[in-house]
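Working notes, beginning with the structure itself.
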Amino acid sequence: MTNAARPLPRTLVVRLDSAGDVLLAGPAVRAAAAGSSYTALLCGPQGAQAGRLLPGVDEVLVHDAPWVGLEPAPVSRRETLDLVDAVAARRFDRALVLVSYHQSPLPIALLLKLAGVGWTAADSEDYPGALLDLRHHRRPRRHEALAALDLARACGFDLPPGDDGGLRVRTPPDTTSLTGPEPYVVLHPGAAVPARAWSPERAVRAAAALHAAGHRLVVTGGPGERDLTAKVAGEHGLDLGGATDLRQLAGVLAGARVAVTGNTGPAHLAAAVGTPVACLFAPVVPAERWRPFGVPHVLLGDLAAPCAESRARHCPVPGHPCLDGVADAEVLAAVAALADRPAERIGPSGHAGHAGHSGRTGPARPPGPDADPPPPPGGHPDTERGASI
């Protein structure tokens with residue numbers, strides 16, 4: 001007599017952050033889904049649209065957590081208990097809590113235990129007590145997408161055969177009716193964190209330079225950025241500010257030759273649809289953790305600026321020199337180099353590409369032989385199993 005096959009678990013993946021963070025969780029979500037009978041994603045309101053775009057997600061749950069975000073929600077007993085009840089009703093066997101290197105997974109881990117989730121794993125530098133069944137330590141300076149995938153693998157999940165580990169979204173729509181059929185470059189001038197984008201005046205000058213160089217320009221932005229996109233597009237480009245939801249923006253980015261954007265959600269959305277990125281990268285957060293993942297890219301900006309790794313929301317240096325100091329010639333050179341590259345993907349075993357200290361030395365390269373190998377399924381030597389230390 002043979003033993004019956006062990007049923008696949010019902011798995012909850014948690015990423016309570018912005019759209020860009022949720023997109024970076026995509027490879028880990030697909031790994032979890034490949035080894036689960038049902039996979040739900042719990043995210044915040046800012047990440048819900050992105051969550052619904054991820055392959056492998058059967059359901060999206062939304063909770064506005066009071067310990068996450070630029071403007072955290074107030075603590076609400078009712079909403080907290082509603083979340084516990086919603087998770088409990090779905091009878092999850094496992095949960096993977098994905099957090100950035102500077103965040104704690106323990107508040108949500110406590111709620112998951114109260115909801116009856118049988119087994120929970122997360123990266124945690126804080127002592128978790130009984131809240132985590134697998135306390136995992138991420139590798140130093142690890143890219144966010146790879147760190148999340150490392151955790152999934154430590155839980156026994158892995159990518160399905162043929163999945164190269166890049167960012168992915170469900171097939172985006174054809175947006176030719178919005179953009180027109182001719183080749184174009186996308187310029188996305190805004191960001192939720194002002195320090196991570198050009199000033200509006202600098203973006204206007206970049207739009208004029210791109211137009212003068214012969215690029216057809218499509219300017220994108222959210223509903224709250226219509227004034228900005230109108231100003232930047234001016235007479236130099238097509239203004240699509242507020243004209244798309246995230247799925248439609250994915251279509252616009254998929255049709256672009258190159259996307260020029262700050263370190264913000266659309267940079268990761270461009271990567272998810274395979275579009276090269278000229279990324280204006282203010283060093284307020286580390287580039288090795290947050291640069292565009294898995295596609296050719298160039299980092300534009302002074303990565304050694306005084307604000308490096310300060311996590312400042314507003315530039316602390318007068319004139320925003322790390323980004324506004326990027327010359328038009330550098331932008332045009334980056335766009336030209338990326339537009340001439342064939343489409344390629346960088347798999348999960350490598351870094352997300354390389355660029356010089358100022359991000360001005362050319363497009364990212366595929367990983368070399370010195371790239372970190374992926375950890376084996378089921379664990380990694382850096383993994384600490386169990387909740388005690």
Side-chain angles (χ1 to χ4, degrees), residues 17-24 44-47 49-50 68-73 100-103 144 186-210 217 219-234 237 239-242 244 246 249 253 259-270 277-287 289-292 297-328 330-331 334 358-359:
D17 288 283
S18 66
D21 300 303
V22 171
L23 292 168
L24 289 172
Q46 300 303 314
Q49 282 193 59
V68 175
L70 301 176
E71 297 179 358
S100 298
Y101 69 96
H102 60 277
Q103 295 173 324
E144 292 292 312
V186 163
L187 173 58
H188 188 91
V193 177
R196 300 184 192 179
W198 269 325
S199 66
E201 295 74 22
R202 180 66 191 91
V204 168
R205 296 198 302 273
L210 288 163
L217 199 61
V219 181
T220 58
E225 297 174 320
R226 288 190 177 98
D227 290 344
L228 173 63
T229 60
K231 180 176 182 177
V232 172
D239 178 14
L240 291 184
T244 64
L246 200 68
L249 180 59
L253 289 166
V260 181
T261 177
N263 173 30
T264 188
H268 304 305
L269 187 58
V277 183
C279 186
L280 297 152
F281 203 100
V284 290
V285 294
R289 290 181 171 130
W290 296 102
R291 66 170 75 218
H297 61 273
V298 175
L299 300 185
L300 295 166
D302 181 3
L303 299 187
C307 63
E309 302 198 27
S310 66
R311 293 176 52 210
R313 292 181 58 186
H314 298 273
C315 180
V317 182
H320 200 18
C322 72
L323 295 187
D324 279 11
V326 175
D328 287 341
E330 297 173 70
V331 179
S358 296

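With rounding to the nearest 0.5 angstrom, the CG atom of Leu269 is 10.0 Å from the CD atom of Gln49.
Here the shortest heavy-atom pairing between Thr220 and Pro189 reads O-CD, 3.3 Å. Between Leu253 and Ala270, the shortest heavy-atom distance links the atoms CD1-N, 3.8 Å. Smallest separation of non-hydrogen atoms from Ala203 and Trp198: CA-CE3, 3.9 Å. Taking every heavy atom of both residues into account, Ala278 and Leu300 meet most closely at CB-CD1, 4.2 Å. The two residues Ala19 and Leu246 make their nearest non-hydrogen contact at CB-CD2, 4.4 Å.
Within 6.0 Å of CD on Glu225 lie more than 12 heavy atoms contributed by other residues, nucleotides or ligands.
Contact annotation: the side chain of Leu187 approaches that of Val232 to within less than 4.5 Å [non-hydrogen atoms, C-beta and beyond]. A heavy-atom distance below 4.5 Å is not found between the side chains of Thr264 and Arg196. Residues Asp239 and Lys231 fail the side-chain proximity criterion, which asks for heavy atoms closer than 4.5 Å. With a 4.5 Å cut-off on side-chain heavy atoms, Pro266 and His188 count as touching. A heavy-atom distance below 4.5 Å is not found between the side chains of Thr261 and Val186.
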Asp328/Arg202 under side-chain contact (heavy atoms from CB on, under 4.5 Å): CA gap, chis, key distance, verdict: CA-CA 10 Å; Asp328 287 341; Arg202 180 66 191 91; 2.7 Å; yes

Run the side-chain contact (heavy atoms from CB on, under 4.5 Å) check on Asn263 and His268 step by step: do they pass? CA-CA 8 Å; Asn263 173 30; His268 304 305; 3.9 Å; yes

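Listed by chain and residue number, Asp17 satisfy the side-chain hydrogen bond (donor to acceptor under 3.5 Å, both in side chains) test with Gln103 (two or more places apart in sequence, or in another chain). Partners of Asp21 according to the side-chain hydrogen bond (donor to acceptor under 3.5 Å, both in side chains) rule, which considers only residues two or more places apart in sequence or in another chain, are Ser18.
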Atom pairs and distances, donor-acceptor, side-chain atoms in residues 317-327, under 3.5 Å, two or more places apart:
residue: His320; atom: NE2; partner: Ala195; partner atom: O; Å: 3.3
residue: His320; atom: NE2; partner: Ala197; partner atom: O; Å: 2.9
residue: Asp324; atom: OD1; partner: Ser199; partner atom: N; Å: 3.1
residue: Asp324; atom: OD2; partner: Ser199; partner atom: OG; Å: 2.7

